[in-house]
Colleague: 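Please find one structure pasted underneath; my questions will follow.
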Amino acid sequence: MVYQQNPNPTGSLFLSALLALIPLVAVLVLLGGLKWKAHWAGLTALVLAIGVAVFGYSMPVGQALNSAVFGALTSVLVVLWITFNAIWIYNLTVHSGHFAVLRRSFSSISDDQRVQAIVIAFSFGALLEALAGGGGPVAICSVMLIALGVDPMKAVALALIADTAPVAFGGMGNPITVLNTVTGLPADTFGAMTGRQVPILAMLVPFVLIFVVDGRRGFKQAWPAALAAGGSFAVTQYLVSNFWSYKLCDIIAAIVSVLAVVLLSRVWQPERSIPPVIAGGATADSRRDVIMAFTPYAVIVVIFSLAQIVPIKKALDAVTIKFPWTSLHLADPSGKPIKVEYVLNWASATGSLLFLSGLITLAVLGIGLGKAAQIYGRTIKQFSWAILAILAVFSLSYVMNYSGQITTLGLWLAGTGAFFAFLSPVVGWFGVAITGTDAGSNALFAGLQVTAAQQLHVSPFLFGASNSSGGVMAKMISPQNLAIGTAAAGLVGREGDLFRKVFGWSLLLLLAMCVIAYLQSTPVLGWMVP
């Protein structure tokens, strides 16, 4: 039996929206209010979403459960395969001793924790996000900061907050590419518009980081480093996304921001209000050791860059296997069948390219296959309950999407008229909150954003970009990213505490993006829209 989505099952769009909000509100309350562990909060929200789908939207039980299974399997390739391999590479460097060298190299820029937070969480994290995305930047940067003496909970919070500005172009611009895939509109134009929004956010994030590390004192004493990193990153991100390639803008911006802080540190250092942390004591690393420490990440840059070359990209995509999910029979509100298939792009997938990078890293660092397999096993074990949380959240997102709950929320917000320009980033924020990825949010809501733009006679590139730009602020509160961060820092079970620590920043930065998007829909900043 074909299930046809009905975005307004109650007859009142407002009541239908309240119904669809139940699973999302449950996640926020259970994590932030009751401090539940992420996997229990995710599973509870999944059960509620299935209940809403079956009893509120009249979706057959089998179809609802099938949607959940499909979502869980999708998360294996989209999130787990990426995260496992990213952390595996990191664990390989720990085993070989080169992580300590890398840590000392970063700390040599400055022994002040506020500057270290900017360089590692913001700049290096942006490079990791640009290359792979997923939960890699949060996990790796968290552990780096902890090794430099930062409190584990604060370290994960810093990594989550920093993993915002680069996310819209993360994974070699994948979220922007998805906007093109869903809408058929030029990806370069979406990239250019996004590059006129998130750089403003990039200016703010380093200032937030130094405030989290050391409060007002840190803001007062370390603002030059925040300005150098944020300003250089923002300008580069804008220039590259608008005049070169949106796929490369984060890589170049991350490198430029590190160089800016390095140059600044030669003529300026903040007042030593925080006891300096000397990583590794007085150990002097040879040039060869430093090169070896950075080699795994250089390998990642090379592998991902080669994978973008058209002939190589076509060859990798050619071996993709597509499995039609014939047991799910869905139709959109107009009655058009929804094609559901599991795409196993085993060669071109981000996780597979990371795995290949890891194999090359083995040879470079001189680690045997047996030891590498043992380390991989420990990497998977490290995540424990976080794996269940990620599976549950992806299942939740697909149940809400296939049942029509996501469409209900989008239509409800779109019904606000011209004020939708202000709420457009909120739609993306909701999408990332439940999927954990900006690309997933764009896949869910890009069509709705473009339709709303056409109805309101506003540029579809503005609303499409706003979906991507607004979504990045939800990365820090997504249950799956909270689970990845706590797993990496050895804080499994404290996802609720972490949620409370970053939720306010998520809303504050979202508000800033909402104001920007609204002004860009008016003559005030309308000149910024291509």
Side-chain angles (χ1 to χ4, degrees), residues 24 27-28 31-32 121-122 125-126 129 133-135 137-138 141 156-171 174-176 178-179 193-209 211-212 230 233-234 237 250 393 397 409-410 413 420-442 444-446 449 462-482 484-485 495 498-520:
L24 298 181
V27 169
L28 298 180
L31 277 175
F122 181 73
E129 179 65 38
V138 173
C141 293
V156 181
L158 289 169
L160 286 169
I161 294 170
D163 195 31
T164 49
V167 169
F169 297 106
N174 190 42
I176 304 301
V178 169
L179 287 174
M193 184 64 238
T194 306
R196 303 177 190 192
Q197 293 179 327
V198 291
I200 302 174
L201 176 68
M203 286 285 295
L204 301 176
V205 171
F207 289 95
V208 175
L209 295 180
F211 186 87
V212 171
F233 188 97
Q237 195 179 48
D250 274 356
V393 170
S397 68
L409 293 173
L413 291 172
F420 181 72
F422 182 87
L423 297 176
S424 179
V426 179
V427 177
W429 186 85
F430 270 119
V432 175
I434 61 174
T435 67
T437 67
D438 205 37
S441 177
N442 288 346
L444 287 176
F445 290 133
Q449 295 274 13
L462 171 59
F463 283 5
S466 296
N467 193 85
S468 196
S469 301
V472 303
M473 266 68 76
K475 285 280 286 186
M476 66 181 82
I477 65 164
S478 169
Q480 74 178 49
N481 290 303
L482 293 173
I484 290 171
E495 294 85 3
L498 182 59
F499 176 91
R500 293 159 67 91
K501 197 172 186 65
V502 299
F503 183 66
W505 293 113
S506 177
L507 291 183
L508 183 63
L509 293 173
L510 175 63
L511 177 61
M513 190 55 63
C514 289
V515 172
I516 293 169
Y518 178 74
L519 292 177
Q520 288 177 332

Colleague: May I ask you to decide if Val138's main-chain N or O and Asp163's side chain share a donor-acceptor pair within less than 3.5 Å?
Modeller: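 No, because the side chain of Asp163 does not come within donor-acceptor range (under 3.5 Å) of the backbone of Val138.
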
Colleague: Run the numbers on Phe463 and Val427 for side-chain contact (heavy atoms from CB on, under 4.5 Å), then give the verdict.
Modeller: CA-CA 10 Å; Phe463 283 5; Val427 177; over 6 Å; no

Colleague: So, for Ala465 and Thr194, which heavy atoms are closest and what is the spacing to 0.1 Å?
Modeller: CB-OG1, 3.4 Å

Colleague: Mind running side-chain contact (heavy atoms from CB on, under 4.5 Å) on Gln237 and Asp250 for me, showing each step along the way?
Modeller: CA-CA 6 Å; Gln237 195 179 48; Asp250 274 356; 2.9 Å; yes

Colleague: Which value, rounded to the nearest 0.5 Å, describes the distance between Leu423 atom CG and Ser466 atom OG?
Modeller: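 With rounding to 0.5 Å, CG (Leu423) is 11.0 Å from OG (Ser466).
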
Colleague: Quick check for you: to the nearest 0.5 Å, what is the distance between Gln520 atom CD and Met193 atom CE?
Modeller: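 Interatomic distance, Gln520 CD to Met193 CE, rounded to 0.5 Å: 3.5 Å.
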
Colleague: For the pair Leu508 and Val208, evaluate side-chain contact (heavy atoms from CB on, under 4.5 Å) and give the outcome as yes or no after the intermediate values.
Modeller: CA-CA 11 Å; Leu508 183 63; Val208 175; over 6 Å; no

Colleague: Kindly give the heavy-atom pair with the smallest separation between Val205 and Ala162, and that separation in Å.
Modeller: CG1-CA, 3.9 Å

Colleague: For residues Pro175 and Val167, determine if any side-chain heavy atom of one lies less than 4.5 Å from a side-chain heavy atom of the other.
Modeller: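 SC-SC contact between Pro175 and Val167 ruled out.
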
Colleague: Identify the two heavy atoms, one from Gly125 and one from Cys141, that lie closest to each other, and give their separation to 0.1 Å.
Modeller: CA-SG, 3.5 Å

Colleague: My understanding is that only residues two or more places apart in sequence, or in another chain, count here; which of them pass side-chain hydrogen bond (donor to acceptor under 3.5 Å, both in side chains) with Ser506?
Modeller: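 If we apply the side-chain hydrogen bond (donor to acceptor under 3.5 Å, both in side chains) test to Ser506, skipping adjacent residues, the hits are Trp429.
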
Colleague: Can you sort out the partners of Ser469 under side-chain hydrogen bond (donor to acceptor under 3.5 Å, both in side chains), two or more places apart, ordered by chain and number?
Modeller: Gln197

Colleague: Just to verify, what does Phe122 make a ring-ring contact (aromatic ring centres under 6.0 Å, His included) with, not counting sequence neighbours?
Modeller: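 Here the qualifying residues are Phe233.
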
Colleague: Where the side chain of Asn467 meets the backbone of Ala446, is there a donor-acceptor pair that is under 3.5 Å apart?
Modeller: no

Colleague: Please report the shortest heavy-atom distance between Ala439 and Val178, naming the atom on each side.
Modeller: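 Shortest heavy-atom contact: O-CG1, 3.6 Å.
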
Colleague: Which residues pass the side-chain hydrogen bond (donor to acceptor under 3.5 Å, both in side chains) test with Glu495, not counting sequence neighbours?
Modeller: Thr486

Colleague: So how far is it from Leu28 CG to Phe503 CZ, rounded to the nearest 0.5 Å?
Modeller: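 Reported to 0.5 Å precision, the distance equals 5.5 Å.
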
Colleague: To the nearest 0.5 angstrom, please state how far the OG1 atom of Thr437 sits from the CG atom of Asn481.
Modeller: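 Between atom OG1 of Thr437 and atom CG of Asn481 there are 9.0 Å.
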
Colleague: State, with a plain yes or no, whether a side-chain heavy atom of Val472 is found less than 4.5 Å away from one of Val432.
Modeller: no

Colleague: Taking ring-ring contact (aromatic ring centres under 6.0 Å, His included) as the definition, give me every residue that meets it alongside Phe422, ordered by chain and number, with sequence neighbours left out.
Modeller: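 Expected list: Phe419.
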
Colleague: Could you work out, with side-chain hydrogen bond (donor to acceptor under 3.5 Å, both in side chains) as the rule, every residue matching Thr164, not counting sequence neighbours?
Modeller: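 Listed in chain order: nothing, the list is empty.
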
Colleague: Any chance you could measure Ile477, atom CD1, to Leu160, atom CG, to the nearest 0.5 Å?
Modeller: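 Reported value, rounded in 0.5 Å steps: 10.5 Å.
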
Colleague: Looking at Gln449 and Ser424, would you say the former's side chain and the latter's main chain have a donor-acceptor pair under 3.5 Å?
Modeller: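 Here the side-chain-to-backbone pair exists.
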
Colleague: Can you check whether Asp438 reaches Asn174 side chain to side chain, under 4.5 Å on heavy atoms?
Modeller: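 No, side chains not in contact.
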
Colleague: To the nearest 0.5 Å, how far apart are CG in Leu179 and CG in Asn442?
Modeller: 4.0 Å

Colleague: Show the nearest heavy-atom pair for residues Ala517 and Pro425, with the distance to one decimal.
Modeller: CB-CG, 3.8 Å

Colleague: What closest approach, in Å, do Met513 and Met473 show between heavy atoms, and which atom pair accounts for it?
Modeller: CB-CE, 3.6 Å

